[in-house]
Q: 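Sharing a structure with you now.
Along the sequence shown, residues carry numbers from 1.
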Amino acid sequence: MRLGVAAILLTLGAAGCSAGGETPAQAAGARGSAPVVPVATAKVEQKSMPLALAVIGTAEASSIVAVHAQITGLLTSVNFKEGDDVTKGQVLFTLDRRPLEGALQQAQATLVRDTAQAAQAKSTAARYDDLQNRGIATKEQADQARTSAAALDATLESDRAAVENAKVQLQYATITAPLAGRTGALIVHEGNLVRANDATALVVINQVAPIYVSFGIPEGKLPELKRYLAQGTVRVEAAAPGETTTSSGRITFIDNAVDSTTGQIRIKASFPNGDHRLWPGQFANVVVTLSTEPDAIVVPTAAIQNGQQGNYVFVVKPDLTVDLRTVVVQRQVAETAVVQNGLKPDEIVVTDGQLRLVPGTRVSVKSGPKGPSSKVEP
């Protein structure tokens with residue numbers, strides 16, 4: 001019996017070891033090493049960065065003119081197509097000239113007639129003066145002759161004014177563009193009767209070169225803007241939505257009061273717009289560059305993480321482990337963050353994959369620079 005009990009105990013012990021027992025070597029093998037996390041990286045750079053304000057603005061025509069007829073008449077011709085670019089002085093409309101030409105000829109004929117009568121009155125007044133001097137005519141007769149001559153001289157002045165007015169009215173029959181710009185929709189077509197100073201314009205012309213872009217900035221930025229304007233370092237760039245090419249301009253107007261409802265002040269910038277990239281009424285992305293900061297420390301904004309202690313980044317060390325570094329972000333420009341302190345040039349930061357990282361985690365770089373050493377020691 002003693003031999004049987006010993007055999008049973010040996011069997012049970014062997015079964016227990018095979019079921020749940022582990023040797024130290026087996027436990028160490030099961031634990032293994034921490035997983036390697038794939039990440040994307042970028043290098044910390046030191047370069048010049050603009051100090052800029054990015055806002056949304058609206059393009060405005062520098063001049064808007066509604067073209068009206070100054071006389072009443074039949075519209076006989078339209079010499080442009082709606083939407084055309086026109087130059088200053090270009091003939092746009094022509095009205096029926098015949099009634100105006102007749103009025104001019106009548107005024108000129110009246111002037112000729114009265115000129116002859118004035119000459120006759122002057123001659124008569126001269127004769128009466130001579131007769132009065134010789135005692136043949138009375139003083140009253142001489143005065144009457146002189147008065148008639150003076151009255152006809154005044155009539156001549158009125159006739160000349162009538163002729164000039166008729167010429168001006170005739171000029172109004174040809175309507176020209178008062179400025180260079182882009183025409184809008186044609187409102188009155190050929191064959192219609194137009195009236196002087198009618199409320200409906202014939203066409204509206206917008207001057208699009210140069211063009212204004214109006215935008216607002218917070219009132220707290222106004223002192224800084226004025227300071228840099230005085231230094232002459234302010235640049236303004238604008239681009240329509242979806243455009244990659246920007247237009248350069250300059251600030252030409254700052255409103256005389258801050259809008260109390262929005263806390264912003266209205267500013268206008270003028271752009272040459274020779275290529276017509278900006279269009280009246282269109283929204284525009286405006287960047288006001290106040291100055292340029294040399295030797296700024298910059299990283300992609302994707303590298304900046306937010307935590308309870310503020311902003312931080314993960315820095316890749318030479319042994320391909322990461323370290324958590326607290327940083328102070330001064331400002332952001334597009335997809336780049338300007339770091340005031342916490343990083344040095346040429347350090348490598350993680351831009352993607354931060355959720356799986358803690359200080360000391362080993363990483364593998366799937367894209368971007370790998371740092372001074374890309375080998376992982378076994």
Q: Is there a continuous path of hydrophobic side-chain contacts, each under 4.5 Å between heavy atoms, that joins V338 to V315?
A: no
Q: To the nearest 0.5 Å, what is the distance between CG on D114 and CZ on R160?
A: 10.0 Å
Q: Any chance the side chains of T321 and D319 put a donor and an acceptor closer than 3.5 Å?
A: yes
Q: Evaluate the side-chain proximity of V65 to V204: yes if any heavy-atom separation is below 4.5 Å, no if none is.
A: no
Q: Take atom NZ in K226; do more than 12 heavy atoms of anything else shown fall under 6.0 Å from it?
A: no
Q: Provide the closest heavy-atom pair for G216 versus V55 in the form atom of the first, atom of the second, distance.
A: O-CG1, 3.7 Å
Q: Measure across I205 and A177 and return the closest heavy-atom pair with its distance rounded to 0.1 Å.
A: CD1-CB, 4.2 Å
Q: Hey, is CZ on F271 packed in by over 12 heavy atoms from elsewhere, all under 6.0 Å?
A: yes
Q: Under the side chain to side chain contact (heavy atoms under 4.5 Å, CB included) criterion, do L75 and H189 qualify, and how do the steps go?
A: CA-CA 8 Å; L75 186 60; H189 296 267; 5.8 Å; no
Q: Which value, rounded to the nearest 0.5 Å, describes the distance between L202 atom CG and L95 atom CG?
A: 8.0 Å
Q: A side-chain contact here means heavy atoms from C-beta on lying under 4.5 Å apart; do P345 and I297 qualify?
A: yes
Q: Look at atom CD of Q309 and say whether more than 12 heavy atoms of other residues, nucleotides or ligands are closer to it than 6.0 Å.
A: no
Q: Would you say that V327 contacts Y312 through its side chain, given a criterion of any heavy-atom pair below 4.5 Å between the two side chains?
A: no
Q: Assess whether atom CZ of F253 is packed by more than 12 heavy atoms of other residues, nucleotides or ligands within 6.0 Å.
A: yes
Q: State plainly whether the residues E347 and K43 are in salt-bridge range, i.e. N to O under 4.0 Å.
A: no
Q: So V363 and V350, do their side chains get closer than 4.5 Å, heavy atoms only?
A: no
Q: Any ion pair linking D159 and R113 (charged N to carboxylate O, less than 4.0 Å)?
A: no
Q: If you round to the nearest 0.5 Å, how far is OG1 of T110 from CG of L156?
A: 11.0 Å
Q: Provide the closest heavy-atom pair for T351 versus A42 in the form atom of the first, atom of the second, distance.
A: CG2-CB, 3.7 Å
Q: Can you tell me if E101 has over 12 outside heavy atoms packed within less than 6.0 Å of its CD?
A: yes
Q: Is the closest basic N to carboxylate O distance between D85 and R182 below 4.0 Å?
A: yes
Q: Which heavy atom of V37 sits nearest to which heavy atom of G353, and what is that distance?
A: CG1-O, 4.3 Å
Q: Report the C-alpha separation of T58 and V213 in whole Å, then their side-chain angles, then the decisive distance to 0.1 Å, and conclude whether the side chain to side chain contact (heavy atoms under 4.5 Å, CB included) test is met.
A: CA-CA 5 Å; T58 305; V213 175; over 6 Å; no
Q: Could you tell me whether R98 atom CZ has more than 12 heavy atoms of other residues or ligands within 6.0 Å of it?
A: no
Q: Any side-chain heavy atom of T94 within less than 4.5 Å of one from N79?
A: yes
Q: Measure from the side-chain N and O atoms of Q90 to the backbone N and O of T87, and report whether any donor-acceptor pair falls under 3.5 Å.
A: yes
Q: Hey, quick one: are V86 and I64 part of the same hydrophobic cluster, counting side-chain heavy atoms closer than 4.5 Å, chains of contacts allowed?
A: no
Q: Check for a donor-acceptor pair, side chain of D143 on one end and backbone N or O of E140 on the other, with a separation under 3.5 Å.
A: no
Q: Tell me which pairs pass ring-ring contact (aromatic ring centres under 6.0 Å, His included) where either residue lies in residues 204-226, with sequence neighbours left out.
A: none
Q: Check whether any side-chain heavy atom of V313 lies under 4.5 Å from a side-chain heavy atom of L343, and answer yes or no.
A: yes
Q: State whether the side chain of E82 and the backbone N or O of L186 hold a donor-acceptor pair below 3.5 Å, judged by distance alone.
A: yes
Q: For the backbone of T252 and the side chain of S270, can you confirm whether one donor and one acceptor N or O come within less than 3.5 Å of each other?
A: no
Q: Atom OG in S63, atom CD1 in I211: separation rounded to 0.5 Å?
A: 11.0 Å
Q: So which atom in H68 and which in A199 form the shortest heavy-atom distance, rounded to 0.1 Å?
A: CE1-O, 3.5 Å
Q: Between T246 and A238, is there a donor-acceptor pair closer than 3.5 Å when you use the side chain of the first and the backbone of the second?
A: no
Q: Can you tell me how far apart NZ (K317) and CD1 (I348) are? Round to the nearest 0.5 Å.
A: 14.5 Å
Q: Just by modelled atom types, is the A52 backbone N or O under 3.5 Å from a matching donor or acceptor in the T289 side chain?
A: no
Q: Grouping I, L, V, M, F, W and Y whenever their side-chain heavy atoms are under 4.5 Å apart, do I71 and L193 come out in a common cluster?
A: no
Q: Look at the side-chain heavy atoms of Ile, Leu, Val, Met, Phe, Trp and Tyr, link any pair under 4.5 Å apart, and say whether V194 and I187 land in one connected group.
A: yes
Q: Are there more than 12 heavy atoms of other residues, nucleotides or ligands under 6.0 Å from atom CZ of R331?
A: yes
Q: Just checking E190: does its CD atom have more than 12 heavy atoms from other residues, nucleotides or ligands closer to it than 6.0 angstrom?
A: yes
Q: Is there a donor-acceptor contact under 3.5 Å from the side chain of D259 to the main chain of T261?
A: yes
Q: Any donor and acceptor pair, going by atom type alone, linking the side chain of Q354 with main-chain N or O of A302 inside 3.5 Å?
A: yes
Q: Is D295 salt-bridged to K47, cutoff N-O under 4.0 Å?
A: no
Q: Quick one, V299 and I304 - any side-chain contact, counting heavy atoms below 4.5 Å?
A: yes
Q: For R362 and V36, indicate whether the former's side chain and the latter's backbone hold a donor-acceptor pair under 3.5 Å.
A: no
Q: Is the shortest distance from a Lys or Arg side-chain nitrogen in D129 or R146 to a carboxylate oxygen in the other one below 4.0 Å?
A: yes
Q: Other than L74, what residues sit in its cluster of Ile, Leu, Val, Met, Phe, Trp and Tyr side chains whose heavy atoms are under 4.5 Å apart, directly or through others?
A: none
Q: Can you tell if the side chain of V163 reaches within under 4.5 Å of the side chain of L104, non-hydrogen atoms only?
A: yes
Q: Quick check for you: to the nearest 0.5 Å, what is the distance between L225 atom CG and I251 atom CD1?
A: 4.5 Å
Q: Regarding E60 and R266, does a basic nitrogen lie under 4.0 Å from an acidic carboxylate oxygen?
A: yes
Q: Apply side chain to side chain contact (heavy atoms under 4.5 Å, CB included) to T292 and S48, showing your working.
A: CA-CA 6 Å; T292 301; S48 296; 3.8 Å; yes
Q: Taking W279's backbone N and O only, do any of them form a donor-acceptor pair with Q282's side chain (distance below 3.5 Å, no angle check)?
A: yes
Q: Any idea which heavy atoms bring A257 and I265 closest together, and the distance?
A: O-CG1, 3.8 Å
Q: With side chain to side chain contact (heavy atoms under 4.5 Å, CB included) as the test, would you mind laying out the steps for M49 and T336 before giving the verdict?
A: CA-CA 10 Å; M49 286 297 295; T336 302; 4.1 Å; yes
Q: Identify whether V349 and L324 are in the same connected component of the hydrophobic contact network (ILVMFWY, side-chain heavy atoms under 4.5 Å).
A: no
